[in-house]
Amino acid sequence: MSLFGIGNDLNRQFIARPDEAKEFILYKWPDQTIRKLTQITVQPDETAVFVREGKIAGTIPQGRSTLDGALIPFLGDIVDWASGGNMYRAELYFIGTREFVGLPFGGPIDDIEDPETGLAVGLRVFGEYAVIVKDPSTLILKLVGTRQASNDLITDWAREQILKTLRTGVVRKLTSEKWPVLGIAGRSVEIEATLLGDVQAALTPYGLFVTRLGNFTISLKPDDEQTLKGLRKDAAYSRLAGGFREYGIGAALKGIGEGAAAGGGGGNAAVLGVGMGLGGMVGGMGSASP
């Protein structure tokens with residue numbers, strides 16, 4: 001077996017995390033049977049954990065070590081006696097202990113009532129998170145367990161927990177503060193700081209600690225954003241015109257004028273007549289007695 005599990009017996013004497021797995025939070029050594037006196041290298045930013053029958057057998061410190069029960073006492077508990085005592089039998093995990101950054105999350109949150117318009121609109125949240133492993137043993141026993149261990153298992157699960165927490169937390173925050181949804185992206189920093197503790201609470205029991213959320217963005221579904229912008233524009237014009245009815249009449253007159261300019265010819269008289277009628281309605285409203 002080679003350095004990474006394939007080849008001759010000589011190369012089987014050495015174990016280390018392969019280069020292609022250096023960026024992984026977790027890497028599981030592919031062979032559960034390890035020869036006695038094998039050399040194992042543990043990098044400064046990781047720890048190596050042996051697991052036997054669902055229990056932590058022990059950990060290997062950073063640096064190069066020789067797997068010998070005389071030097072590392074817990075190895076005596078994982079001896080494979082069927083091999084005549086020449087092998088250790090256990091699962092070996094390499095767990096990164098540095099901060100892992102730039103891990104993406106995102107997706108729809110929920111429909112929420114916009115306090116400004118009363119409309120239900122859909123929100124989405126996107127960003128990145130950084131995480132460190134606070135307790136490698138807890139991560140292995142509580143999250144990995146007997147499932148097929150992989151880096152994706154951890155990052156996918158953490159992403160889902162973050163999104164699940166934000167679905168609840170963002171809605172709660174917006175509802176309590178009664179912030180208008182349009183322009184909510186400007187409050188992303190405040191919302192991020194408030195909800196980081198909620199995210200911690202979801203991941204800490206599994207040995208993970210989220211150090212920060214980054215590029216945190218809350219956005220509206222495009223259709224809902226256009227609807228809210230249209231309503232806000234109508235409301236602003238209504239205030240300028242003195243009321244929604246007056247704004248409607250003004251908009252109609254503007255449309256008639258644009259139609260007349262574009263149509264030309266004999267149609268102008270009919271268009272002008274309609275415009276004069278609407279103008280009379282506006283004048284009548286202005287002169288009507290209370």
Side-chain angles (χ1 to χ4, degrees), residues 1-6 11-34 38-52 54-67 72 74-75 78 88 90-106 127-165 196-197 199-216:
M1 204 168 178
S2 73
L3 178 62
F4 304 130
I6 303 174
N11 287 334
R12 191 174 179 175
Q13 301 293 323
F14 301 93
I15 291 177
R17 183 196 291 243
D19 289 341
E20 61 269 23
K22 290 291 178 65
E23 296 302 314
F24 293 171
I25 297 174
L26 175 145
Y27 173 75
K28 183 179 180 181
W29 185 254
D31 195 350
Q32 293 188 36
T33 303
I34 299 172
T38 292
Q39 298 289 307
I40 182 171
T41 299
V42 183
Q43 297 298 328
D45 61 348
E46 65 182 359
T47 186
V49 182
F50 280 92
V51 178
R52 176 72 178 267
K55 297 180 180 179
I56 302 297
T59 61
I60 303 295
Q62 287 80 12
R64 173 169 288 192
S65 302
T66 300
L67 297 182
I72 307 174
F74 79 80
L75 293 176
I78 61 173
Y88 299 113
E91 296 173 311
L92 172 60
Y93 297 89
F94 290 89
I95 305 293
T97 55
R98 64 179 174 84
E99 183 180 32
F100 292 86
V101 301
L103 302 173
F105 70 87
E128 298 175 346
Y129 69 99
V131 66
I132 60 175
V133 179
K134 283 284 191 180
D135 190 336
S137 297
T138 298
L139 177 67
I140 294 171
L141 295 181
K142 285 196 172 185
L143 181 56
V144 178
T146 58
R147 290 180 288 182
Q148 183 64 38
S150 70
N151 188 70
D152 290 343
L153 170 65
I154 297 173
T155 55
D156 290 350
W157 177 86
R159 181 174 64 247
E160 288 303 316
Q161 295 306 306
I162 290 172
L163 189 55
K164 178 181 177 181
T165 300
L196 184 58
V199 172
Q200 302 288 18
L203 271 62
T204 297
Y206 297 88
L208 296 172
F209 184 84
V210 176
T211 56
R212 60 180 178 267
L213 302 175
N215 297 323
F216 188 81

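Everything quoted here is computed from the prediction, not taken from an experiment.
Closest approach of G54 and L141 over heavy atoms only: O-CD2, 3.4 Å. Closest approach of A48 and V42 over heavy atoms only: CB-CG2, 3.7 Å. Of all non-hydrogen atoms in R17 and F24, the two that sit nearest each other are NH1-O, 2.9 Å. The shortest non-hydrogen separation linking L103 to F100 is CD1-O, 4.1 Å. Heavy atoms only, all atoms of each residue included: T97 and P44 are closest at OG1-O, 4.3 Å. Across every non-hydrogen atom of T165 and V199, the tightest pair is CG2-N, 3.8 Å.
I140 places a side-chain heavy atom less than 4.5 Å from the side chain of V51. Side-chain contact between I40 and L92: present, with at least one pair of heavy atoms (C-beta onward) separated by less than 4.5 Å. F74 is not listed as a side-chain neighbour of I56, based on a closest heavy-atom distance of 4.5 Å or more.
Sorted by first and then second residue, the side chain to side chain donor-acceptor pair (under 3.5 Å) pairs with a member in residues 131-143 read D135-T138; sequence neighbours excluded.
Counted within 6.0 Å of NZ on K22, heavy atoms from surrounding residues, nucleotides or ligands total more than 12; the atom is thus considered enclosed.
A side chain to side chain contact (heavy atoms under 4.5 Å, CB included) with L143 is found for one member of L203, L26, I154 and no other, namely I154.
Distance OH/Y93 to OH/Y27: 12.5 Å, rounded to 0.5 Å. Rounded to the nearest 0.5 Å, atoms CG (L196) and CD (Q200) are 5.0 Å apart. Atoms CD1 and CD, from I25 and E46 in turn, are 13.0 Å apart once rounded to the nearest 0.5 Å. The distance from atom CD1 of I78 to atom CZ of F50, rounded to the nearest 0.5 Å, is 5.0 Å. Distance CG/D156 to OG/S150: 7.5 Å, rounded to 0.5 Å. In this structure, CD on Q13 lies 10.0 Å from CG on L67, to the nearest 0.5 angstrom.
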Begin with the C-alpha distance, continue with both residues' side-chain angles, and end with the deciding distance and a verdict on side chain to side chain contact (heavy atoms under 4.5 Å, CB included) for I162 and W157. CA-CA 9 Å; I162 290 172; W157 177 86; over 6 Å; no
Worked check of side chain to side chain contact (heavy atoms under 4.5 Å, CB included) between T38 and F14: CA-CA 6 Å; T38 292; F14 301 93; 5.7 Å; no
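Residues satisfying the side-chain contact (heavy atoms from CB on, under 4.5 Å) test with T41, not counting sequence neighbours, are A16, Q43, R64.
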Return a table of donor-acceptor pairs under 3.5 angstrom between the side chains of residues 206-214 and protein atoms on other chains or two or more places apart.
| from | atom 1 | to | atom 2 | distance (Å) |
| --- | --- | --- | --- | --- |
| T211 | OG1 | E99 | OE2 | 2.5 |
| T211 | OG1 | A130 | O | 3.3 |
| R212 | NH1 | E99 | OE2 | 2.9 |

